[in-house]
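Since the structure comes first, as structure tokens, the remarks are kept for the end.
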Amino acid sequence: MADTVEMKIYQALLLRCQEFVPPAGVTIVLPGVTFTPTAQSKFVSVEVHFNRSVETDLSLEMDPIRQGFIRTNVMWPKGQAIVDGYNLAGQLRANFRRGTKLFRVDTQIRIDEDPEIGVLVTGETHHNIPITTRWLCYPQVPA
């Protein structure tokens with residue numbers, strides 16, 4: 001059975017995360033990977049989300065436009081310079097900047113708008129700086 005478009009999208013987004021080189025001492029935590037942080041751990045958690053697809057073909061023969069977002073969360077220990085956490089958030093934002101195109105076999109994932117750095121959320125041991133990157137995957141047009 002051939003790989004699904006959803007699998008190709010997921011793989012392309014996670015490969016882009018794996019290509020990112022974080023500063024020394026920062027761990028990138030991909031979905032499904034076991035990670036037990038300490039109060040002093042600096043890490044980035046990664047989530048991939050699919051939203052509702054958009055049908056554009058009245059004949060329903062072409063695939064829909066698939067869309068979603070990837071959320072990366074910079075988890076920065078309380079008591080350490082939060083400006084460094086924001087610097088890391090800016091680097092992640094640049095990694096998925098507007099105009100980024102990711103390819104996987106016959107599938108192209110596009111990022112058409114700059115990622116958003118969200119509101120700082122302060123937890124018990126860490127500050128969370130969320131970065132939301134919206135993605136689109138257009139159907140292959142038949143020849």
Side-chain angles (χ1 to χ4, degrees), residues 1-57 60-142:
M1 181 176 202
D3 293 342
T4 65
V5 173
E6 290 77 12
M7 179 177 160
K8 295 173 193 173
I9 292 168
Y10 195 85
Q11 287 176 333
L13 291 167
L14 291 186
L15 285 171
R16 183 66 176 209
C17 289
Q18 289 176 320
E19 292 169 1
F20 178 76
V21 179
V26 176
T27 304
I28 303 292
V29 183
L30 298 176
V33 175
T34 302
F35 178 72
T36 307
T38 66
Q40 296 305 308
S41 299
K42 298 174 185 173
F43 63 100
V44 175
S45 67
V46 177
E47 311 163 17
V48 176
H49 299 272
F50 288 79
N51 290 340
R52 184 174 182 177
S53 297
V54 179
E55 294 288 348
T56 59
D57 180 32
L60 300 178
E61 291 186 22
M62 284 179 43
D63 278 349
I65 298 171
R66 289 174 174 82
Q67 60 186 351
F69 63 95
I70 183 167
R71 169 82 38 82
T72 50
N73 299 290
V74 173
M75 302 301 289
W76 207 257
K78 288 173 77 173
Q80 295 193 25
I82 194 65
V83 69
D84 293 333
Y86 274 105
N87 187 47
L88 176 55
Q91 292 170 2
L92 286 162
R93 186 175 103 19
N95 187 53
F96 285 102
R97 69 185 165 276
R98 180 181 70 237
T100 298
K101 293 179 183 171
L102 308 174
F103 299 96
R104 193 84 183 139
V105 189
D106 58 353
T107 304
Q108 181 186 105
I109 299 91
R110 291 178 27 182
I111 297 167
D112 292 340
E113 55 186 275
D114 275 331
E116 299 173 21
I117 296 177
V119 177
L120 178 71
V121 178
T122 302
E124 193 173 311
T125 59
H126 284 77
H127 296 290
N128 177 1
I129 307 168
I131 304 98
T132 303
T133 305
R134 290 170 180 77
W135 56 263
L136 293 165
C137 180
Y138 290 96
Q140 295 294 315
V141 178

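Computation of the quantities below employed the complete heavy-atom set of this structure, encompassing side-chain atoms and omitting hydrogens, waters and symmetry-equivalent molecules. If you're wondering where the values come from, they're calculated on a predicted model, not measured in any experiment.
Side-chain contact check for Thr100 versus Arg16: some heavy-atom pair is nearer than 4.5 Å. Leu92 has its side chain within reach of Val74: a pair of non-hydrogen atoms, C-beta onward, lies under 4.5 Å apart. With contacts defined as side-chain heavy-atom distances shorter than 4.5 Å, the pair Ile28/Phe20 qualifies. The closest side-chain heavy-atom distance from Gln40 to Gln80 is below 4.5 Å. Side-chain atoms of Pro31 and Tyr10, non-hydrogen and from C-beta on, do get closer than 4.5 Å to each other. No side-chain heavy atom of Trp76 sits less than 4.5 Å from a side-chain heavy atom of Val83. In this structure the side chain of Cys137 never reaches within 4.5 angstrom of the side chain of Ile65, judged on heavy atoms. A heavy-atom distance below 4.5 Å is found between the side chains of Tyr86 and Leu120.
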In residues 44-52, what donor-acceptor pairs under 3.5 Å come from side-chain atoms, sequence neighbours left out?
from, atom 1, to, atom 2, distance (Å)
Ser45, OG, Asn73, ND2, 3.2
Glu47, OE1, His49, NE2, 2.8
Glu47, OE2, Asn73, ND2, 3.1

Name every donor-acceptor pair, under 3.5 Å, that has one atom in a side chain of residues 109-117 and the other anywhere in the protein, sequence neighbours excluded.
from, atom 1, to, atom 2, distance (Å)
Arg110, NE, Asp112, OD1, 3.3
Arg110, NH2, Asp112, OD1, 3.4
Arg110, NH2, Asp112, OD2, 3.1
Asp114, OD1, Arg98, N, 2.9
Asp114, OD2, Arg98, NH1, 3.4
Glu116, OE2, Arg134, NH1, 2.9

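The CG atom of Leu102 sits 10.5 Å away from atom CG of Leu14, with the distance rounded to the nearest 0.5 Å. To the nearest 0.5 angstrom, Tyr138 atom OH is 9.0 Å from Gln67 atom CD. A distance of 11.0 Å separates OG1 in Thr107 from CE in Met7, rounded to the nearest 0.5 Å.
Closest approach of Pro130 and Val119 over heavy atoms only: CD-O, 3.4 Å. Between Pro77 and Ala39, the shortest heavy-atom distance links the atoms CB-O, 3.4 Å.
For the side chain to side chain contact (heavy atoms under 4.5 Å, CB included) test with Ile129, the passing option among Thr72, Ile82, Leu88, Val121 is Ile82; the others fail.
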Verify side chain to side chain contact (heavy atoms under 4.5 Å, CB included) between Ile70 and Cys17, making sure each step is shown before the conclusion.
CA-CA 10 Å; Ile70 183 167; Cys17 289; 3.6 Å; yes
Step by step, would you call Trp135 with Leu13 a side chain to side chain contact (heavy atoms under 4.5 Å, CB included)?
CA-CA 9 Å; Trp135 56 263; Leu13 291 167; 3.6 Å; yes
As a quick check of understanding, evaluate side-chain hydrogen bond (donor to acceptor under 3.5 Å, both in side chains) for Thr132 and Arg71, giving each step before the final call.
CA-CA 5 Å; Thr132 303; Arg71 169 82 38 82; 2.8 Å; yes
Determine, step by step, whether Met75 and Lys42 satisfy the side chain to side chain contact (heavy atoms under 4.5 Å, CB included) criterion, reporting the C-alpha distance in whole Å, the side-chain angles of both residues, the deciding distance to 0.1 Å, and the verdict.
CA-CA 6 Å; Met75 302 301 289; Lys42 298 174 185 173; over 6 Å; no
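The side-chain hydrogen bond (donor to acceptor under 3.5 Å, both in side chains) check on Gln91 picks up nothing, with sequence neighbours excluded.
For Arg97 (side chain) and Ala94 (main-chain N/O), a donor-acceptor pair under 3.5 Å exists by modelled atom type. Side chain of His126 to backbone of Ser41: a donor-acceptor contact under 3.5 angstrom is found. Between the Lys101 side chain and the Gln108 main chain, no donor and acceptor come within less than 3.5 Å of each other.
Using a 4.0 Å cut-off between charged side-chain N and carboxylate O, Asp3 and Arg104 make no salt bridge.
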